[in-house]
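For the single chain, residues carry numbers from 1 onward in sequence order. Order of appearance sets the numbers: ligands from 1, and atoms from 1 within every ligand.
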Amino acid sequence: MGKLRTVKGMNDVLPGEIERWHRLEGVFRERVERYGFREIRTPIVEHTELFERGIGEATDIVEKEMYTFTDKAGEGKKGKRLTLRPEGTASCVRAYLEHNLQGQEPVTKWYYLGPMYRRERPAKGRYRQFYQAGCEIYGDPGPYVDAELIDMLVGFLTDLGVQDVQVLINSLGHGATRARYRAALLDYLRPRAQGLSSDSQRRLERNPLRVLDSKAPQDQEVAANAPRILDFLSAEDAAHFDALRSALDALHTPYEVDAHLVRGLDYYTRTLFEIRGRGGDLGAQNALCGGGRYDDMIAQLGGKATPAIGFALGIERLLLAMEPAVAVARLDAFLAAQRPEDRSDLLVLARTLREAGLHVETDLRGNSLKSQLRRADKSGARFAAVLGENERANGTVMLTNLMQRNAERQEVLQADLARVLRR
Ligand code: HAM
């Protein structure tokens with residue numbers, strides 16, 4: 001067997017890089033909790049049927065991108081079909097129904113962070129295991145909460161220093177609007193079917209909206225002149241969209257209306273949005289975040305009809321759009337033992353300092369003092385503290401400030417060390 005490697009399209013995140021993830025996740029949690037969202041964690045594996053019914057069978061995700069396997073069967077039983085979650089929305093709805101939250105609170109606001117799996121062709125910003133941070137709201141029909149959600153996202157991106165973004169919004173209407181639009185779109189597409197990609201030809205009758213979302217150049221050419229859904233909105237749908245726009249205007253949240261925005265999932269109704277990055281290191285995968293309303297999903301999955309809206313953002317893509325450097329927490333002190341037999345005392349001292357909240361590193365392998373001090377220098381620690389025979393007897397350490405050239409060594413009482421390091 002050759003060298004062991006990660007699965008194609010799946011990545012390790014090593015120390016050095018992980019600090020940027022922590023920063024992003026911390027800023028995300030902090031921002032969304034201020035808006036009343038609470039965290040939910042659902043399993044990575046779900047019954048395949050959840051995604052087939054929740055996301056829609058004529059989508060790229062369900063048709064070709066899911067990691068699905070048959071679980072081992074119990075005695076005399078058939079193994080269940082399970083899938084690694086390709087997104088978080090369907091799982092959250094499943095949890096919302098399973099734990100009967102519908103009956104318990106009028107509006108539920110959840111957020112989540114975690115890995116998702118799609119068997120896409122890997123490229124920069126597009127992976128087979130990727131991480132999303134997302135929010136879902138159940139029980140509010142909008143449109144004010146829709147505006148608040150989009151504005152919260154823009155605020156989050158600003159917190160991270162990602163400002164060069166484009167916020168696109170559209171409305172997909174609801175019920176009768178969709179049926180009328182679908183019919184008009186089919187009338188337009190059918191005579192042009194020969195010119196479409198084979199995927200679009202195959203899905204044309206089942207799911208004509210997908211053609212608008214296709215990346216194939218021949219589909220995009222046909223889609224460019226297709227009828228616009230905004231021209232088909234019912235009076236209620238149009239009023240919903242107008243109120244969303246007024247609320248965004250009141251918040252001074254910048255946005256553009258894109259009447260051809262469809263997005264790759266079938267569950268959306270009314271408000272739809274996507275945030276694209278223009279700066280940083282993004283390249284072609286510039287969709288940082290996507291979301292929208294899915295007022296029908298809860299009923300479709302067996303619950304009482306409940307309006308819902310949410311979004312998810314791609315963490316790897318956001319990291320590509322963010323400033324490269326994030327400061328790593330600096331070590332306060334590196335403790336070194338003069339002799340191997342001083343190590344137990346060193347352990348006790350290190351623990352005391354760490355309990356006091358300081359960042360402390362040691363080298364406990366029993367190497368020479370010189371070698372330990374070389375590590376201290378390389379570690380970037382602010383101070384080196386040496387514990388030897390005399391210091392043990394006096395209850396002190398010899399402290400050197402590594403941030404100053406030719407700094408004097410200073411004898412400090414162990415009992416005072418935390419205070420001195422903090423200064
Ligand atoms: P989505 O547009 O499929 O929506 O994904 C949201 C974001 O996840 C994308 O904008 C992108 O940043 C990131 N993403 C998607 N696929 C990949 C990939 N293969 N590699 C790296 N990043 C990727 C959803 O997933 C919906 N669940 C969003 C939502 C929540 N709608 C309502 N609630």
**N or O pair under 3.5 Å between Leu313 and ligand 1** =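 Looking only at distances, the answer is no, because the N/O contact criterion of under 3.5 Å is not met.
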Just need the protein heavy atom nearest to [atom], so name the residue and atom and give the distance.
atom                    : answer
atom 13 (C) of ligand 1 : Gly314 CA, 3.6 Å
atom 20 (N) of ligand 1 : Tyr127 N, 3.0 Å
atom 33 (N) of ligand 1 : Glu136 OE1, 2.9 Å
atom 19 (N) of ligand 1 : Glu120 OE2, 2.7 Å
atom 8 (O) of ligand 1  : Gln132 NE2, 3.1 Å
atom 30 (C) of ligand 1 : Thr89 OG1, 2.9 Å
atom 24 (C) of ligand 1 : Leu265 CD1, 3.7 Å
atom 21 (C) of ligand 1 : Gly125 O, 3.2 Å

**Message:** For Phe273, run the side chain to side chain contact (heavy atoms under 4.5 Å, CB included) check against Leu153, Leu248, Asp258 and tell me which one passes.
**Reply:**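 Filter result, single survivor: Leu153.
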Backbone N/O of [Y] and side chain of [X]: donor-acceptor pair under 3.5 Å:
X      : Y      : answer
Thr269 : Asp295 : yes
Arg382 : Leu421 : yes
Arg20  : Glu17  : no
Arg119 : Arg128 : no
Thr83  : Arg85  : no

**Prompt:** Are Gly134 and ligand 1 in contact, using a heavy-atom cut-off of under 4.0 Å?
**Reply:**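 No heavy atom of Gly134 comes that close to ligand 1.
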**Item:** Tyr131 touching ligand 1 at heavy-atom level, < 4.0 angstrom
**Value:**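 False for this residue.
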**Message:** Would Arg94 and Tyr96 count as a cation-pi pair here, with the cationic atom under 6.0 angstrom from the ring centre and within 45° of the axis?
**Reply:**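 Output no; distance or angle outside limits.
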Please say whether more than 12 non-hydrogen atoms of neighbouring residues, nucleotides or ligands are located less than 6.0 Å from [atom1] in [X].
X      : atom1 : value
Arg351 : CZ    : no
Glu256 : CD    : yes
Glu205 : CD    : yes

**Contact partition for Leu288 relative to ligand 1, non-hydrogen atoms under 4.0 Å** =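 The backbone, only.
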**Asked** Under 4.0 Å from ligand 1, counting heavy atoms only, is it the side chain of Tyr268, its backbone, both or neither?
**Response**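 Within the 4.0 Å criterion, Tyr268 contacts ligand 1 through side-chain atoms alone.
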**Asked** Can we say Asp199 and Lys215 salt-bridge, meaning some charged N sits less than 4.0 Å from an Asp/Glu carboxylate O?
**Response**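 No, this pair does not count.
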Option whose closest heavy atom lies nearest to [atom], chosen from [options]:
atom                    : options                        : answer
atom 4 (O) of ligand 1  : Glu274, Glu316, Arg263, Arg293 : Arg263
atom 11 (C) of ligand 1 : Ala312, Ala287, Pro86, Gly290  : Ala287
atom 22 (N) of ligand 1 : Phe130, Tyr112, Tyr267         : Phe130

Find all atoms of ligand 1 within a distance of less than 4.0 Å from any non-hydrogen atom belonging to [X], and give their numbers and elements.
X      : result
Glu87  : 25 (O), 26 (C), 27 (N)
Gly291 : 31 (N)
Cys289 : 10 (O)

**Message:** So that I know where these two stand, are Tyr111 and Phe37 an aromatic pair - ring centroids less than 6.0 Å apart?
**Reply:**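 No, the ring centres sit 6.0 Å or more apart.
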